[in-house]
**Student:** 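First the structure, then my questions, so here it is.
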Amino acid sequence: KKLLPIRPTRSNKGTYGRILIIGGQTGMSGAVVLASKAALKVGAGIVSAAVPKAIHDIMEQKLTEVMTVPLPDEEGHISQEAVKALSLLIEKYDVIAIGPGIGRSQAVKAVLQQILASNKPCVIDADGLYFLKDMLGMTKQRMAPTIITPHPGEMARILDIKIEEVLAESMTITKKFAIENHIITVLKIERTLVGDIEGNLYINTAGNTGMAKGGSGDVLTGVIAGLLAQTEKPQYAAMLGVYLHARAADIMKDLKSEYTLLPTDFYEGVDKVFQEILK
């Protein structure tokens with residue numbers, strides 16, 4: 001409960017942060033939808049989804065509370081022209097999330113560099129992590145917080161080691177990576193780990209196999225970004241985000257099953273988690 005962001009009576013949507021979520025490509029609009037709605041669901045004030053123009057109309061139909069921004073694209077992916085558009089857009093938001101459904105074009109690399117060069121807190125996930133290995137020097141110099149949410153395969157790629165090594169030494173690797181690269185690291189294994197830049201390591205004990213479905217990670221990205229916009233302690237956003245996500249899955253598992261649980265069930269589950277915490 002002490003990790004929950006404070007919500008003062010005299011407040012407005014701007015009080016709770018403006019979040020820009022960059023992602024999507026043809027056939028992958030759902031990832032950005034899941035992340036964007038999750039950010040709002042945990043209390044963020046304003047959320048915008050920046051997506052390739054090719055899927056913008058789809059996003060407009062899928063999202064009601066989330067604003068959308070069409071980006072220049074090429075064959076359904078963001079193009080180099082999108083980099084210029086985003087340079088101005090990024091400055092208008094408090095938190096930037098990149099990755100859900102975005103793909104691995106060179107434009108993505110340029111946008112990631114742009115974000116890391118900014119003074120904006122950021123959350124990096126999915127294909128946003130693909131180019132991170134070559135930019136760790138930038139993360140060490142950042143003053144703003146950086147949070148990443150890799151699964152073992154993505155972590156192995158960043159470190160250029162085998163997945164088996166990540167799994168065998170998960171706690172050591174998470175802690176060491178967070179400290180050395182100045183990145184709050186959320187390693188998504190069966191008991192998700194959160195390592196902060198001060199050397200603390202937190203182990204989440206909630207969650208179940210129903211979360212092992214495409215889209216679950218996109219929800220977590222949105223949850224953490226939404227909390228990051230509301231707190232001055234970025235490690236709280238990661239810790240609380242992981243817990244809310246997993247606890248919501250446990251509550252919904254009891255109403256459904258580990259087989260039938262869907263990432264969209266999070267929205268109902270997190271209502272119950274907040275009620276549980278507040279009581």
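What's counted below: heavy atoms across the whole structure, side chains too, no hydrogens, waters or symmetry copies.
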**Student:** For the pair E65 and K37, find out whether any cationic side-chain nitrogen is under 4.0 Å from an anionic carboxylate oxygen.
**Tutor:**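 So E65 does not pair with K37 through a salt bridge.
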**Student:** Would you mind reporting whether F266 and M252 have side-chain heavy atoms less than 4.5 Å apart?
**Tutor:**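 Not in contact.
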**Student:** How far does OG of S29 sit from CD of Q61, to the nearest 0.5 angstrom?
**Tutor:**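 Answer rounded to 0.5 Å: 10.0 Å.
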**Student:** Output the distance between atom CD1 (I147) and atom OG1 (T185), rounded to the nearest 0.5 Å.
**Tutor:**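 Result: 9.5 Å between the selected atoms.
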**Student:** Quick one: OG on S118 to CG on L86, what's the gap to the nearest 0.5 Å?
**Tutor:**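 Separation between the atoms: 11.5 Å.
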**Student:** Out of curiosity, L112 CG to F131 CZ, how far, rounded to the nearest 0.5 Å?
**Tutor:**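 These two atoms lie 8.5 Å from each other.
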**Student:** Is a side-chain N or O of R142 found less than 3.5 angstrom from the main chain of K120, in a donor-acceptor match?
**Tutor:**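 Yes, the answer is positive, given that a donor and an acceptor are paired below the 3.5 Å cut-off.
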**Student:** Under the criterion side-chain hydrogen bond (donor to acceptor under 3.5 Å, both in side chains), I'd like the reasoning laid out for H182 against T146: C-alpha separation, chi angles, the key distance, then a yes or no.
**Tutor:** CA-CA 8 Å; H182 209 253; T146 307; over 6 Å; no
**Student:** Under the salt bridge (Lys or Arg N to Asp or Glu O under 4.0 Å) test, which residues partner D94, sequence neighbours left out?
**Tutor:**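 Checked D94 against salt bridge (Lys or Arg N to Asp or Glu O under 4.0 Å); zero matches.
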**Student:** Does R104 come within less than 4.0 Å of D127, counting only side-chain N to carboxylate O?
**Tutor:**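 Result for this pair is yes, salt bridge flagged.
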**Student:** Taking the side chain as every heavy atom from C-beta outward, state whether D265 and K256 have any pair of such atoms under 4.5 Å apart.
**Tutor:**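 The answer is yes, as the side chains (C-beta and beyond) meet within the 4.5 Å cut-off.
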**Student:** Can K41 and D271 be counted as an ion pair, charged N to O under 4.0 angstrom?
**Tutor:**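 Between D271 and K41 there is a salt bridge, with a charged N closer than 4.0 Å to a carboxylate O.
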**Student:** Output the distance between atom CD1 (I124) and atom CD1 (I224), rounded to the nearest 0.5 Å.
**Tutor:**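 Rounded to the nearest 0.5 Å, the CD1-CD1 separation comes out at 12.0 Å.
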**Student:** Measure the shortest side-chain to side-chain distance between L116 and Q141 over non-hydrogen atoms and say whether it is less than 4.5 angstrom.
**Tutor:**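 Not touching, per the 4.5 Å side-chain cut-off.
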**Student:** Is there a side-chain contact between I78 and D73, using heavy atoms and a 4.5 Å cut-off?
**Tutor:**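 Sidechains of D73 and I78: no contact.
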**Student:** My understanding is that only one of L3, N200, L240, I184 makes a side chain to side chain contact (heavy atoms under 4.5 Å, CB included) with Q235; could you say which?
**Tutor:**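 Considering L3, N200, L240, I184, a side chain to side chain contact (heavy atoms under 4.5 Å, CB included) with Q235 is found only for I184.
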**Student:** May I ask you to decide whether D125 forms a salt bridge with K188, counting only side-chain N to carboxylate O separations under 4.0 Å?
**Tutor:**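 Yes, this pair counts.
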**Student:** For R18 and V47, indicate whether the former's side chain and the latter's backbone hold a donor-acceptor pair under 3.5 Å.
**Tutor:**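 A pair under 3.5 Å: no.
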